[in-house]
Structures are given as C-alpha cells and as structure tokens.
Amino acid sequence: MNIKVGTFNLFQYAKPPYSWYVKKDKFEIKQWEEKNSFIKKQLKQMNCDIVAFQEVFSYEALEELTKQLGFKYFKVVDTAKTDKKNDKVFISTTVALASKYEINKLSTIEVKEEVLEKLNIKQPFYFSRLPIKANICIKNTDVLIYVFHLKSNRLNEYEYKFNEDDTINLKVKKSIYAMNNLNATSLKQRLAEAYHLALDISNSLKHQKKVVALGDLNDRQNSLVIDILTNKALLDIDLFSKGYDIKNKKEYFLYDSYEKALKKTKIKEATSYYKAVGNILDYIFVSKDIDVLEYMLFNNHLLKNKDGSLLQSDHAQVVATLKL
C-alpha cells in the first residue's frame, strides 16, 4: 500500500487578534484569510494522507482547516504559551499532526537524564517544541510517526558548517568545542533534542518496523544532527563525555527519504532561505522497511520570493510517497 506524507512549516500560524512574540506582529483579518487560502491550496496540491505541521500557535484554527480538507484526525501534545502580561501575545509555538487515518496512540518523548549528563546540561531541560509520537493504523498496518521542530539558532551564535567529506569524529569534536568554549547554547539544545528523538526512535524500532520522522531540523546540510538521527554509530552518547574516536561507519537506523526515493530531482533543493542563501531544513526520515517511491518539493512561492511571505510560508513543503 502507498501513502503520501508531508511536512509543512506554517510560518507564524497565529489567528487574530493574537500576536506572535511581540504585540505588533499579528495578522489583520484579510491577511489571515489570505494565509489560510494559501495553506489550503498547498495542502490540496500536496495531496497527503498525513501532514506534520510546525510553527502552530492557533491549533484549533488549524484543526478546523485540515478537517475541511478531509483530515479526520488532528492531534497536538502541547499548546502555545502566552505572555503573562498580555494573554493575546504568544511566546511559544507547537507542532501538530493531521491524518486521514486513525491516530490510535499519542504521546511525546520523556526527558532522559542520561542525555543531559553526557552533554553537560545542568540547568532544567525542556524541548523548545514538544515532539509528537503517534501510532497510525493504515489498513491493518501500524506506522509510528514522529513530528519534530528542533531548536533554531535565533541568536545567530557561531556554529560550524560541515562538508560532505567531514568525518563524524571531526563533527563531534568541533561541536563539543563550540558548546564548551563558544557559548553555543542553541546547538547544545538542538543536539539534546536530536538525541532524545534518536534514542526513542531506536528503541521503538525494536518492536515497530515502520517508522517515519518528519519536520524542521533547523540545521545545515551535513550537520551532526542528521548523523544523530540516522547513524547507529552516534547512538552511543558516551562519545560526548569520554571523547573517544569512533569509526565513520554508515550503518543507519533511519534514512533520508530523498536518498531512498526512486523518483526525485537530481539535486536536493533548498527548503528555506536566509538572505537568499538556500538551506535544507525540512526532512522526512523513514525506517529500513519503508520504500520511498517519490520525493517532491512544493516551492513555487519561494521561487518568487526566497525569503518567503508571512501570508504564505518561508519554507517549502516536502512530500514523500511511501510504500508500506
């Protein structure tokens, strides 16, 4: 059986009169209607069975929108928080999951003290956005879905840019240095979130063969975060506290859907831009037992305006056709 899954960063999905982060940043009614029209148009073109959403403030409005398009099931595991001084200003965002098939189990990921200890995180730890972990039954086949939106580098802290040929050891050593000496707090948070995801997914794969993890990594190509979420060699988190060398093995527990896809573009295109420079931030990862028939990008709105528009999105939408 084939299904289509997609990931969609909505770019400040806050229904008026609510604002995002500061009071002046909010949509007028006509702008809100235009944004929702764009989202509906994209979702119709994507034609997915399951969609992961990021930057969701007004989840109830999104639930109503998706149900109009045939998504019978909609779930969140958290709600966006508002400012204590002004309850019309959102100060945090969430992820959401819409499905045309029944979501029969829903949870999130518990914080692991082991991860915090090995990454030398001493202060209380919270996910920047709580990930969704959901089981969806598709014609008697169970598929475990993870929805994530990892920590962004909003403060523009220094982070190393890695190349395709850089070894895992180099990435680990430079990341440790950045976290300990360059005050790379966003990187440390993102790595911790990635490790929590990876360890939970790896454990789930012991009894669940079909796993899909999708969302916004908020990190560059060839990043250590991608290695953590795919490469078995990185599951041993001791390497961060003990600093030993590991072999640059390529033994995967998750796979980038683009790499597995039978039909795709020759070059993997950017899903977001910053100052006209393209980045691949949005991913769909699948387990070994899922075949990927096609990988598609819906990015026409970014071809017209690379930085994106609040009335549309600043991300492309990624869709993968999967054979279960």
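The structure displayed is predicted, hence computed values, not measured ones.
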For the backbone of [Y] and the side chain of [X], can you confirm whether one donor and one acceptor N or O come within less than 3.5 Å of each other?
| X | Y | value |
| --- | --- | --- |
| Lys40 | Leu69 | no |
| Lys105 | Ala134 | no |
| Thr7 | Asp282 | no |
| Arg190 | Val225 | no |
| Thr265 | Ile267 | yes |

Review point. Crowded around Lys209 NZ? As in, over 12 foreign heavy atoms under 6.0 Å?
Key: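 Counting other residues, nucleotides and ligands, NZ of Lys209 stays at 12 neighbours or fewer.
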Check your understanding: CG/Asn9 to OG/Ser272 distance, rounded to the nearest 0.5 angstrom?
Key ->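 Nearest 0.5 Å value for the CG-OG distance: 7.5 Å.
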Residues [X], [Y]: salt bridge by 4.0 Å N-O rule:
| X | Y | result |
| --- | --- | --- |
| Lys30 | Glu34 | no |
| Lys210 | Asp142 | no |
| Lys15 | Glu64 | no |

Point to revise | Result of checking Asp227, Asp165, Asp166 against Lys171 for salt bridge (charged side-chain N to carboxylate O under 4.0 Å, His left out) | key: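 Testing each of Asp227, Asp165, Asp166 against Lys171, the sole residue satisfying salt bridge (charged side-chain N to carboxylate O under 4.0 Å, His left out) is Asp227.
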Check your understanding: Looking at Trp20 versus Phe11, is the centre-to-centre ring distance below 6.0 Å?
Key ->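 When the ring centroids of Trp20 and Phe11 are compared, they turn out to be at least 6.0 Å apart.
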Point to revise | Residues that Asp314 engages under salt bridge (charged side-chain N to carboxylate O under 4.0 Å, His left out), provided they are two or more places apart | key: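 Applying salt bridge (charged side-chain N to carboxylate O under 4.0 Å, His left out) to Asp314 gives none.
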Check your understanding: So, do Ile284 and Val212 sit near enough that their side-chain heavy atoms are less than 4.5 Å apart?
Key ->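 Yes, close enough: below the 4.5 Å cut-off.
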Practice item. If a pair satisfies ring-ring contact (aromatic ring centres under 6.0 Å, His included) and one of its residues is in residues 180-206, list it, with sequence neighbours excluded. Key: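 Applying ring-ring contact (aromatic ring centres under 6.0 Å, His included) to every pair that reaches into residues 180-206, excluding sequence neighbours, yields Phe125-His196, Phe127-His196, Tyr195-Phe240.
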**Study point:** Parallel, tilted or perpendicular: rings of Phe57 and Phe90 (30°, 60°)
**Key:**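 Correct class here is parallel.
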Check your understanding: Out of Leu191, Asn120, Thr185, which one pairs with Met179 under the side-chain contact (heavy atoms from CB on, under 4.5 Å) rule?
Key ->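 For Met179, the side-chain contact (heavy atoms from CB on, under 4.5 Å) test succeeds with only one of Leu191, Asn120, Thr185, which is Leu191.
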Name each donor-acceptor pair under 3.5 Å that joins a side chain in residues 316-324 to protein atoms two or more places apart or in another chain, with its distance.
residue: Gln317; atom: OE1; partner: Gln42; partner atom: NE2; Å: 2.7
residue: Gln317; atom: NE2; partner: His315; partner atom: O; Å: 3.0

